[in-house]
Each structure stands twice: as C-alpha cells, then as structure tokens.
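Accompanying notes for the structure given below.
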Amino acid sequence: MFGPFKPTSPLSGGLLWKIPWRLSAPQKRRQRKRLRLVDNVVTTVDSALQRSGMGSARGLERWKEEMPTEGEMHPRDKYTMFDRKEKRYRKGVHSEFPASFFGLAAEVDEG
C-alpha cells in the first residue's frame, strides 16, 4: 500500500512496547512504597520472633545488617538493578516485566 498509510511492523512501532528510560513520579512513589512494605515485613517478623521468645533467625539478622532500609538507599539503588548485559551494568526496575505478565507465575509455583 502506498501513500501515508504504509503498514508498519508491530515490533518497531506501537506504544505498547515502548519503555521510557526514566521512571515517572508515580512509578517512583510506588517503588518507594514497595520498598517500605519490605522493611515493614522485616520489622514485623523480627518483633514477632522476639515476642515469642524464639530469638532471631540468622537470615533475618544478616538481612538487617547488610540491606539498607528505603530511607538509607541511594536513588541509584532504589530505581535501578544490576544487569551484566547492559552497557553500564544497570537498568531501570520498570523495564522488567513481572512473571504474571507472560503467564509464568503458574510455572514458577509448580516447579
């Protein structure tokens, strides 16, 4: 077909697969909220273990020593992750699709 209505390849066009190189403000807010939820889970599990008199688990203690809380993290660590294939070894956390997007969640749960 000629003229202004040329057919285009679905892989090269369309807004569905275009991922911006930086996170928007609402995406950053949701990411910080997810990080705070992880921090809350760690403190809840730690306090529950202390209340029950079981002490604290080694893995939990190691997590608290090595992993910073959301407030202590640098923005580079909050919004990017390591990827050895990338040019500068970092890529945005928003460029990873969740396993449920591709229907892989059932495979992960089963195997």
Side-chain angles (χ1 to χ4, degrees):
M1 183 178 217
F2 301 105
F5 302 107
K6 294 179 185 173
T8 59
S9 172
L11 293 177
S12 65
L15 294 175
L16 180 62
W17 296 105
K18 291 185 179 176
I19 300 170
W21 66 276
R22 81 170 97 182
L23 286 150
S24 65
Q27 286 175 316
K28 285 184 179 183
R29 191 178 318 117
R30 285 191 299 269
Q31 177 66 11
R32 288 191 304 269
K33 183 179 177 184
R34 283 191 290 268
L35 291 171
R36 283 193 299 270
L37 287 174
V38 170
D39 294 340
N40 289 340
V41 167
V42 170
T43 56
T44 302
V45 169
D46 187 42
S47 64
L49 287 174
Q50 295 297 330
R51 271 196 315 251
S52 67
M54 295 175 63
S56 187
R58 277 186 296 159
L60 188 63
E61 288 299 321
R62 183 174 174 198
W63 177 275
K64 291 192 317 186
E65 289 173 9
E66 295 178 4
M67 300 300 289
T69 61
E70 185 268 332
E72 298 168 347
M73 291 177 80
H74 298 289
R76 179 176 186 239
D77 296 328
K78 285 184 194 179
Y79 308 123
T80 61
M81 69 176 93
F82 175 79
D83 185 16
R84 65 180 182 179
K85 298 179 296 244
E86 290 292 318
K87 185 175 183 180
R88 298 184 67 179
Y89 301 107
R90 302 291 262 182
K91 69 177 180 180
V93 294
H94 64 294
S95 64
E96 278 296 310
F97 288 108
S100 61
F101 182 81
F102 293 108
L104 299 175
E107 294 175 14
V108 172
D109 292 339
E110 293 171 3

Original post:
If every non-hydrogen atom of Met73 is compared with every non-hydrogen atom of Pro68, which pair is closest and at what distance?
Top reply: CG-CG, 3.6 Å

Original post:
Given Lys64 and Glu61, is the salt bridge (Lys or Arg N to Asp or Glu O under 4.0 Å) satisfied, shown in steps?
Top reply: CA-CA 5 Å; Lys64 291 192 317 186; Glu61 288 299 321; 3.6 Å; yes

Subject >> Heavy-atom check, side chain of Val93 versus side chain of Leu23, under 4.5 Å >> reply: yes

Subject >> Inter-residue atom distance Lys91.NZ - Asp83.CG, 0.5 Å rounding >> reply: 4.0 Å

Original post:
What distance separates Arg29 CZ from Ser24 OG, expressed to the nearest 0.5 Å?
Top reply: 8.5 Å

**OP:** Answer yes or no: is there a side-chain heavy-atom contact under 4.5 Å between Val45 and Trp63?
**Re:** no

Subject >> Spacing of Met67 atom CE and Asp39 atom CG [to the nearest 0.5 Å] >> reply: 9.0 Å

Original post:
What distance separates Glu70 CD from Arg36 CZ, expressed to the nearest 0.5 Å?
Top reply: 5.0 Å

**OP:** Using only heavy-atom distances, determine whether the side chains of Gln31 and Arg34 contain a donor-acceptor pair under 3.5 Å.
**Re:** yes

**OP:** Among Arg88, Arg90, His74, find the one that has a side chain to side chain donor-acceptor pair (under 3.5 Å) with Thr80.
**Re:** Arg90

Original post:
Can you check whether Arg62's main-chain N or O pairs, donor with acceptor, with Glu65's side chain at less than 3.5 Å?
Top reply: no

**OP:** Spell out, yes or no, whether Val42 and Leu37 are grouped together once hydrophobic residues are joined by side-chain heavy atoms under 4.5 Å, including indirect joins.
**Re:** no

Original post:
When rounded to the nearest 0.5 angstrom, what distance separates CG in Leu60 from CD in Gln50?
Top reply: 9.0 Å

Subject >> Donor on one side chain, acceptor on other, Arg32 and Tyr79, under 3.5 Å >> reply: yes

